[in-house]
Colleague: 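Questions regarding the structure given below will be posed in turn.
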Amino acid sequence: MVMFPHCYFNRCIGKYGRPLALSPSKLKTLSCFLFAAKYGTPCAFVESNTAESQDWDPCTAPFTGVLQDEDLLRTTHISSSGTSSNSTGLYVLDLINCGSLEPERTLYSKMLNKCTYLRKLKQGRAIHAHIQSSTFEDDLVLLNFILNMYAKCGSLEEAQDLFDKMPTKDMVSWTVLISGYSQSGQASEALALFPKMLHLGFQPNEFTLSSLLKASGTGPSDHHGRQLHAFSLKYGYDMNVHVGSSLLDMYARWAHMREAKVIFNSLAAKNVVSWNALIAGHARKGEGEHVMRLFLQMLRQGFEPTHFTYSSVFTACASSGSLEQGKWVHAHVIKSGGQPIAYIGNTLIDMYAKSGSIKDAKKVFRRLVKQDIVSWNSIISGYAQHGLGAEALQLFEQMLKAKVQPNEITFLSVLTACSHSGLLDEGQYYFELMKKHKIEAQVAHHVTVVDLLGRAGRLNEANKFIEEMPIKPTAAVWGALLGSCRMHKNMDLGVYAAEQIFELDPHDSGPHVLLSNIYASAGRLSDAAKVRKMMKESGVKKEPACSWVEIENEVHVFVANDDSHPMREEIQRMWEKISGKIKEIGYVPDTSHVLFFMNQQDRELKLQYHSEKLALAFAVLKTPPGLTIRIKKNIRICGDCHSAFKFASRVLGREIIVRDTNRFHHFLHGMCSCRDYW
DNA sequence: GTAGGGTTAG
């Protein structure tokens with residue numbers, strides 16, 4: 001390499017345009033540039049962290065970075081770990097024509113790697129162009145670097161193009177392309193390369209297999225994954241910890257947890273990734289207890305959880321609503337210290353919101369160093385689920401002020417907030433606002449608008465809205481209308497909506513029950529019976545209702561009419577006590593939500609043992625007076641329980657929070673936060 | 001020397 005004369009350092013200028021004197025001592029801390037490409041764009045600089053004043057030689061110092069900007073090049077100090085900061089504040093001007101330096105091959109590769117890591121496609125392209133006019137034009141290793149740069153920067157077209165034109169390819173070339181497709185979500189393209197490479201005589205290695213397996217975890221069917229599994233077994237790759245982890249992750253993504261577990265157990269050497277993949281699989285299925293068990297097991301075996309682990313654990317806590325467990329794990333994160341809160345902050349917000357503590361969710365949100373789109377969406381959605389519509393809308397406006405671009409999820413949360421708080425005008429306003437932000441309304445957005453109009457009693461408008469939808473209405477859209485018809489006792493439109501649903505999704509029990517209830521409350525008992533019969537004949541089954549409460553870190557599950565609980569007699573006595581007290585202050589059992597063909601007494605009896613009531617009675621037995629009771633349900637709370645809980649919050653003098661599949665209900669002083677919208 | 005696996009909002 002040509003020696004780089006020291007006078008070139010004078011071309012470096014400081015932050016405010018003044019020449020920057022780079023004394024040998026400064027060279028120790030500041031970076032200086034070494035190379036400028038003919039085209040002016042790509043530049044590398046070296047960090048003199050190994051330098052010792054005069055002995056330091058810029059030509060032999062290790063490369064650690066690439067200059068980033070185009071014309072006026074502002075260098076970003078890049079530490080050897082690859083993270084960047086602006087600490088040097090060094091500006092470099094006019095690097096063009098500073099010499100006819102011919103870069104070394106390693107220089108190209110280092111620069112390409114930095115472009116790849118920093119996702120600098122433009123600079124990468126310039127380096128590619130430069131290489132094409134050099135003697136390294138056909139260098140396989142350098143071409144692989146370039147290929148990797150295009151693939152990682154998301155330009156799969158350029159990657160594929162280069163791959164096709166490469167005079168020779170090796171396993172790395174194939175793996176780079178496969179992983180590129182796999183990482184950019186183009187699973188089918190990645191998987192299609194597998195037979196091609198076999199055909200050309202290339203044997204996938206552990207790297208290739210991992211990438212292919214990742215693709216099959218998100219691909220169109222688990223068929224490819226099983227094929228790859230067989231291949232791994234044949235060549236003994238299944239024992240490799242990387243391939244093994246990928247295999248287990250692939251099965252976990254297909255929710256084949258039994259197979260995932262078998263692979264996990266068979267792994268001689270497990271690592272954090274294997275644990276994370278297994279935990280994430282169970283977390284995706286909402287198996288909270290299982291996740292907690294695995295997490296503890298992992299700790300006991302001396303593995304250090306990463307932010308991936310915590311994210312999955314919090315996701316699991318969010319879906320089971322285990323506030324105590326979530327808090328415990330949160331404390332564990334803080335105690336263990338090492339985990340950057342930024343990575344897991346968003347899952348924490350979600351966990352607290354879904355476990356019923358919106359206050360803690362807000363606290364975490366406020367403390368985040370940087371609030372990104374996911375943070376905002378999580379907190380807005382949290383407020384929406386708790387029926388705090390005004391607060392959710394306020395946050396949304398704050399988000400716009402903070403110049404964070406909302407996406408379709410943001411708007412869905414905003415619309416849900418309006419729907420859960422009965423804010424009709426606001427809902428319509430924000431639905432229109434989506435167009436301004438160039439976000440296309442999806443089915444889910446339309447559902448919330450139908451819901452909003454329907455609840456407000458504007459059923460015909462809601463129907464008209466559905467008719468004029470630019471996309472095909474789904475069962476969920478008609479379901480929103482049907483629910484509103486039930487609420488406002490509009491039988492004709494309700495029947496019409498139900499018919500649409502039965503065509504689109506004949507196996508859902510919800511609409512059948514709603515329709516039969518609509519008939520029943522209109523006095524059309526024979527029609528109601530017909531719907532029930534239809535349900536029975538077509539094998540439509542209702543999901544068994546259950547509720548659960550968490551007491552002292554343990555989850556207790558209750559099923560309707562459950563008489564298997566060891567404390568059932570005490571629980572029943574407690575409910576009777578509560579029931580007596582609330583009847584005194586005006587509670588009247590609302591039997592219209594129960595099967596209409598029962599007599600009044602049977603209906604009341606049936607209602608008494610609704611799972612949420614059992615859960616409430618149990619919680620009252622097991623917790624000190626005054627403490628907030630948190631109950632979770634796997635279906636929506638029924639009208640009678642809703643009414644009973646309002647009275648119960650008064651006679652018990654404590655807050656009861658119920659999370660159902662739709663939202664949160666905070667019962668306090670005889671009222672509910674949903675203001676009877678649910 | 002270049003290639004691989006694990007999170008988050010609906």
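Note on naming: letters A, B, ... go to the chains in the order of the sequence lines (proteins, then strands), and numbering restarts at 1 for each one.
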Colleague: From the set B:dT2, B:dG4, B:dG6, return the single nucleotide nearest to any side-chain atom of A:Asn144.
Modeller: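 For the A:Asn144 side chain, the nearest candidate turns out to be B:dT2.
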Colleague: Using ring pair (Phe, Tyr, Trp, His ring centres under 6.0 Å) as the criterion, list what pairs up with A:His229, not counting sequence neighbours.
Modeller: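 With sequence neighbours excluded, A:His229 shows a ring pair (Phe, Tyr, Trp, His ring centres under 6.0 Å) to A:Tyr251, given in chain and number order.
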Colleague: With sequence neighbours excluded, tell me which residues meet salt bridge (Lys or Arg N to Asp or Glu O under 4.0 Å) with A:Arg125.
Modeller: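 Salt bridge (Lys or Arg N to Asp or Glu O under 4.0 Å) check on A:Arg125 returns A:Glu158.
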Colleague: Heavy atoms from C-beta onward define the side chain here; which of B:dG5, B:dT8, B:dG1 lies closest to that of A:Thr347?
Modeller: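 Comparing B:dG5, B:dT8, B:dG1 against the side chain of A:Thr347, the answer is B:dT8.
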Colleague: Does B:dG5 have OP1 or OP2 under 4.0 Å away from a side-chain N or O of A:Lys214?
Modeller: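 Answer yes for this pair, as a side-chain N or O of A:Lys214 is under 4.0 Å from OP1 or OP2.
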Colleague: Does A:Asp451 have any side chain to side chain donor-acceptor pair (under 3.5 Å) partners at least two apart in sequence or in another chain, and if so, which?
Modeller: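 Per chain and number, A:Asp451 pairs via side chain to side chain donor-acceptor pair (under 3.5 Å) with A:Ser419, A:Arg455.
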Colleague: When the ring planes of A:Phe314 and A:His330 are compared, do they come out parallel, tilted or perpendicular, using 30° and 60° as the limits?
Modeller: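 Plane angle over 60°, so perpendicular.
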Colleague: Quick test of your reading: applying salt bridge (charged side-chain N to carboxylate O under 4.0 Å, His left out), list the pairs with at least one residue in residues 252-278 of chain A, sequence neighbours left out, ordered by first then second residue.
Modeller: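 Passing the test, one end in residues 252-278 of chain A: A:Arg226-A:Glu259, A:Asp249-A:Arg253.
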Colleague: State which residues pass ring pair (Phe, Tyr, Trp, His ring centres under 6.0 Å) with A:Phe396; sequence neighbours excluded, sorted by chain then number.
Modeller: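 Ring pair (Phe, Tyr, Trp, His ring centres under 6.0 Å) check on A:Phe396 returns A:Phe411, A:Tyr430.
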Colleague: Taking only the side-chain nitrogens and oxygens of A:Arg105, find out if one of them lies under 4.0 Å from OP1 or OP2 of B:dT2.
Modeller: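 No, no such contact exists.
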Colleague: Expected output is a numbered-order residue list: members of residues 148-157 of chain A with a heavy atom under 4.0 Å from any atom of DNA chain B. What is it?
Modeller: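 Residues of residues 148-157 of chain A under 4.0 Å from DNA chain B: A:Asn148, A:Lys152.
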Colleague: Taking DNA chain B as the partner, which of residues 169-186 of chain A come within under 4.0 angstrom of it by heavy atom?
Modeller: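 A:Val172, A:Thr175, A:Val176, A:Ser179, A:Gln183 - these, ordered by number, are the residues of the stretch whose heavy atoms sit under 4.0 Å from the strand.
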Colleague: Under 4.0 Å from any atom of DNA chain B, heavy atoms only: list the residues of residues 352-371 of chain A that qualify, in numerical order.
Modeller: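 The answer is A:Lys354.
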Colleague: Tell me every residue that passes side chain to side chain donor-acceptor pair (under 3.5 Å) with A:Ser319, counting only those two or more places apart in sequence or in another chain.
Modeller: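 So A:Ser319 forms no side chain to side chain donor-acceptor pair (under 3.5 Å) with any residue.
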Colleague: For A:Lys354 and A:Gly321, indicate whether the former's side chain and the latter's backbone hold a donor-acceptor pair under 3.5 Å.
Modeller: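 Side chain of A:Lys354 to backbone of A:Gly321: no pair is present.
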Colleague: Check whether A:Phe163 forms a cation-pi arrangement with A:Lys169 (NZ or CZ under 6.0 Å from the six-membered ring centre, at most 45° off the ring normal).
Modeller: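 Because its charged atom sits under 6.0 Å from the ring centre and within 45° of the axis, A:Lys169 does stack over A:Phe163.
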Colleague: Send over the distance from A:Asn377 CG to B:dT8 P, rounded to a whole Å.
Modeller: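 The distance from CG of A:Asn377 to P of B:dT8 comes to 14 Å, rounded to the nearest Å.
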Colleague: Could I get the full list of side chain to side chain donor-acceptor pair (under 3.5 Å) partners for A:Tyr235, not counting sequence neighbours?
Modeller: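 Expected list: A:Gln203.
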Colleague: What I'd like to find out is whether the side chain of A:Tyr310 reaches to under 4.5 Å of the side chain of A:Thr347, using heavy atoms alone.
Modeller: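 Counting from C-beta outward, A:Tyr310 and A:Thr347 never come under 4.5 Å.
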Colleague: Strictly below 4.0 Å, heavy-atom distances to any atom of DNA chain B: list the hits from residues 194-209 of chain A, or just say none.
Modeller: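 Residues of residues 194-209 of chain A that come under 4.0 Å of DNA chain B are, in numerical order, A:Asn205, A:Glu206, A:Phe207.
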Colleague: With heavy atoms under 4.0 Å as the rule, sort A:Ile409 into base, sugar-phosphate or nothing.
Modeller: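 Base contact.
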Colleague: Fit a plane to each ring of A:Trp275 and A:Phe303, take the angle between them on a 0 to 90° scale, and name the class: parallel (under 30°), tilted (30 to 60°) or perpendicular (over 60°).
Modeller: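 It falls in the tilted class, 30° to 60°.
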Colleague: Give A:Asp372 one of three labels, base, sugar-phosphate or nothing, depending on what nucleic acid heavy atoms sit under 4.0 Å from its own.
Modeller: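 No contact.
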Colleague: Identify which nucleotide among B:dG5, B:dT7, B:dT2 has an atom closest to any side-chain atom of A:Ser210, counting heavy atoms from C-beta outward.
Modeller: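 That would be B:dG5.
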Colleague: Within the 4.5 Å heavy-atom criterion, are A:Cys674 and A:His420 side-chain neighbours or not?
Modeller: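 Contact flag for A:Cys674/A:His420 side chains = no.
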Colleague: Mind listing the residues from residues 276-302 of chain A sitting with a heavy atom below 4.0 Å of DNA chain B? Number order is fine.
Modeller: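 Residues of residues 276-302 of chain A that come under 4.0 Å of DNA chain B are, in numerical order, A:Asn276, A:Ala280, A:Arg284.
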